[in-house]
Amino acid sequence: MSDGEQAWWIPADLLADPAATAALAGLLGTDGPGVAAHDVKPMLRALQRQGIGEVHLVLDTALAGYLLDPADATYDLGVLLERHARRMLPVTGAPDGQLDLSGEAADPSVEAGHRAAAVCILRDPLVSAMEAQGLLSLNADIEVPLVAVLARMEELGIGVDVAELTRLRDELTANCERLRSLVHEAAGEEFNVNSTKQLREVLFEKLGLTPGKKTKTGFSTDASTLERLRDDHPVVAHLLAYREVEKLRSTYGEGLLAEAGPGDRIRATFNQTVARTGRLSSDAPNLHNIPVRTEAGRAFRRAFVPIDGYTLLVADYNQIELRVIAHLADDPGLIAAFEAGDDIHTAVAARTWGIDPSEVTSEVRNRAKMVAYGLAYGMEAYGLSQRLGSSVDEANEILESYFAAFPSVRDYMERTVDEARQKGYTETLFGRRRRIPELSSPNFNVRQAAERQAMNAGIQGLAADVFKVALIRIDDRLRADGSASRLVLQVHDEVILEVPTNEVADVEAMVRSEMTGAYDLRVELAVEVATGATWAHAKG
DNA sequence: GCTCCATGCAA
DNA sequence: TATTGCATGGAGC
């Protein structure tokens with residue numbers, strides 16, 4: 001540690017003490033010295049609860065570890081210390097999960113000292129490593145500023161209508177019981193319908209239905225298999241209905257109600273060091289997979305509400321990944337398709353099959369849409385054929401037509417994999433790296449999976465980088481403008497704000513402008529904004 | 001009580 | 001034999 005520096009390890013209970021945090025305020029304010037810490041978001045949340053909203057953060061050792069290798073399994077402080085400083089965090093008590101036979105409990109203050117020292121020891125090696133890999137601006141301009149934005153969103157949470165959630169849960173529970181009885185009746189015996197093992201025996205042994213694909217442990221009973229068997233036995237339709245309702249009841253009905261906290265708000269954690277592409281993830285609960293595709297599922301979005309006097313404003317990037325592909329590949333046809341301003345899948349379909357957009361049927365449009373998603377995932381003909389329900393030959397013809405119309409896209413994909421193989425990692429335009437050592441695997445399947453990851457990383461990663469910039473800028477503007485509006489949720493390419501009714505027009509314009517201007521692609525970044533009294537009702 | 005598996009929800 | 005995630009219930013240790 002250099003002169004004038006101080007190392008602190010602040011126990012969580014001290015952060016709940018106003019007297020202690022008041023003393024910290026001067027130390028941590030924006031005029032204070034730069035702060036380096038490990039996994040700082042929980043600390044920022046605790047300080048925010050005490051009214052300290054500004055901390056001059058310069059380094060989070062967990063974030064730095066993530067930027068240096070987003071595929072690592074853990075960014076635990078002790079692990080980082082060993083990995084980047086070749087030092088061990090002294091063990092002060094019995095190892096986790098083991099009885100302390102010595103009778104000497106760990107001394108919390110000694111352990112705290114070790115952890116504070118570890119952050120100091122890690123600072124120089126982490127900064128040097130980031131500098132060597134060109135990660136300093138990604139760290140300083142995006143990841144570090146984002147921590148406080150996410151801390152504010154987590155701490156505020158999003159409002160839920162608990163009465164509505166309860167009603168949905170109860171309705172689903174009743175339906176579940178009814179459908180479970182129908183399944184038992186049709187099967188001719190009572191069994192645990194949630195057990196794939198028992199279900200497999202009933203369907204494929206007792207009832208003699210034809211099994212399809214296999215899993216590690218036996219024949220699959222997944223939805224695509226059941227769909228194929230739908231007309232073969234009455235139990236199958238009941239099963240499919242039961243599965244849908246049980247999923248909604250358990251994961252969303254019970255799950256969301258269990259997470260509703262003070263003020264009827266759900267406060268998820270937004271993880272910044274999990275996704276290997278640079279995306280955020282959400283847990284406890286996962287607010288990134290709230291249903292939207294079916295009406296029964298979408299009902300849960302009606303339970304996400306603003307407080308009185310506010311409106312929910314939802315803004316999402318339209319087709320950001322396909323736009324990113326157009327940009328990265330610099331494909332004239334794809335760029336022109338976007339510039340035409342028409343429905344992109346229709347425009348792509350017309351160019352792929354050389355027909356007029358007016359001749360594009362919904363089925364043909366759907367094929368173009370499948371290809372578009374597949375592209376971002378590094379798809380091959382087999383994968384496409386599975387999703388189109390067609391032959392591999394047919395899928396190959398579609399892909400050939402597509403690449404004939406958009407040749408730069410294929411060039412980009414091939415170039416990307418070649419570069420990644422040669423360098424051992426992929427890199428987004430913002431410099432976000434992802435090591436993919438499996439590109440040199442002797443195992444064909446492993447190597448092919450790695451190639452798909454390499455194709456996907458630059459696309460999903462750039463979309464994530466752009467989105468993070470937008471999130472930071474929106475939060476900056478809200479605070480600079482002294483707005484009463486606040487960010488309550490983000491879902492990969494979508495932000496949700498709680499906006500006082502009289503601010504709606506101004507905030508909509510601001511959000512649109514910040515999202516559109518977050519990065520300059522060769523195609524416009526289109527943003528769709530909607531407002532409403534619930535997440536489901538927020539429609540343009 | 002922990003871990004893995006199968007399943008299914010989202011972008 | 002399409003990318004990235006997380007939660008659930010069952011099942012095995």
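Predicted model, so just to flag it, every value in this text is computed and none were measured. Within every chain, numbering begins at 1; the chains are lettered A, B, ... in the order of the sequence lines, protein sequences first and strands thereafter.
Taking side-chain N and O atoms only, A:T251 has no distance below 4.0 Å to OP1 or OP2 of B:dC9.
Rounded to whole Å, the distance from NZ on A:K247 to P on B:dC9 is 6 Å. Separating the OH atom of A:Y377 from the P atom of C:dG5 is a distance of 12 Å, rounded to the nearest angstrom. Distance A:E380 CD to C:dT3 P: 9 Å, rounded to the nearest Å.
At a threshold of 4.0 angstrom between heavy atoms, the contacts of A:A275 are confined to the sugar-phosphate backbone, with no base atom among them. Using a 4.0 Å heavy-atom distance criterion, A:D316 is classed as making no nucleic acid contact. Among the heavy atoms of the strands lying under 4.0 Å from A:A284 are primed sugar atoms or P, OP1, OP2 only; no base atom is included. Residue contacts for A:R293: at a heavy-atom cut-off of 4.0 Å it reaches a base atom on one of the strands shown. A:N445 comes within 4.0 angstrom of nothing in the nucleic acid, heavy atoms only. Residue contacts shown for A:Q198 are limited to sugar-phosphate atoms, with no base heavy atom under 4.0 Å away.
Under the 3.5 Å distance criterion, with hydrogens and angles disregarded, a donor-acceptor pair is assigned to the side chains of A:E143 and A:Q272. No hydrogens or angles considered: nothing links the side chains of A:D330 and A:S408 as a donor-acceptor pair under 3.5 Å. A side-chain N or O of A:H288 and one of A:Q490 form a donor-acceptor pair less than 3.5 Å apart. Side-chain polar atoms of A:N443 and A:S441 form no donor-acceptor pair below 3.5 angstrom. Residues A:K213 and A:S224 have side chains that bring a donor and an acceptor to within less than 3.5 angstrom of each other.
When the P atom is compared between C:dT1 and B:dC5, the two are found 16 Å apart, to the nearest whole Å.
Sorted by residue number, the members of residues 454-465 of chain A with any non-hydrogen atom under 4.0 Å from DNA chain C read A:N456, A:Q460.
When ring centroids are compared, A:H184 and A:F191 come within the 6.0 Å threshold.
In this structure, of C:dA2, B:dT7, C:dG5, it is C:dA2 that holds the atom nearest to the side chain of A:R452.
Mapping A:Q453 and A:Y382 onto DNA chain C by nearest heavy atom places A:Y382 closer to the 5' end of the strand.
In terms of polar N and O atoms assigned as donor or acceptor, the side chain of A:K197 never comes within less than 3.5 Å of the base of C:dG10 in a complementary pairing. Under 3.5 Å, the side chain of A:R387 and the base of C:dA2 form at least one donor-acceptor pair of N or O atoms.
A cation-pi contact links A:R433 to A:Y425, judged by a cut-off of 6.0 Å to the six-membered ring centre and 45° from its axis.
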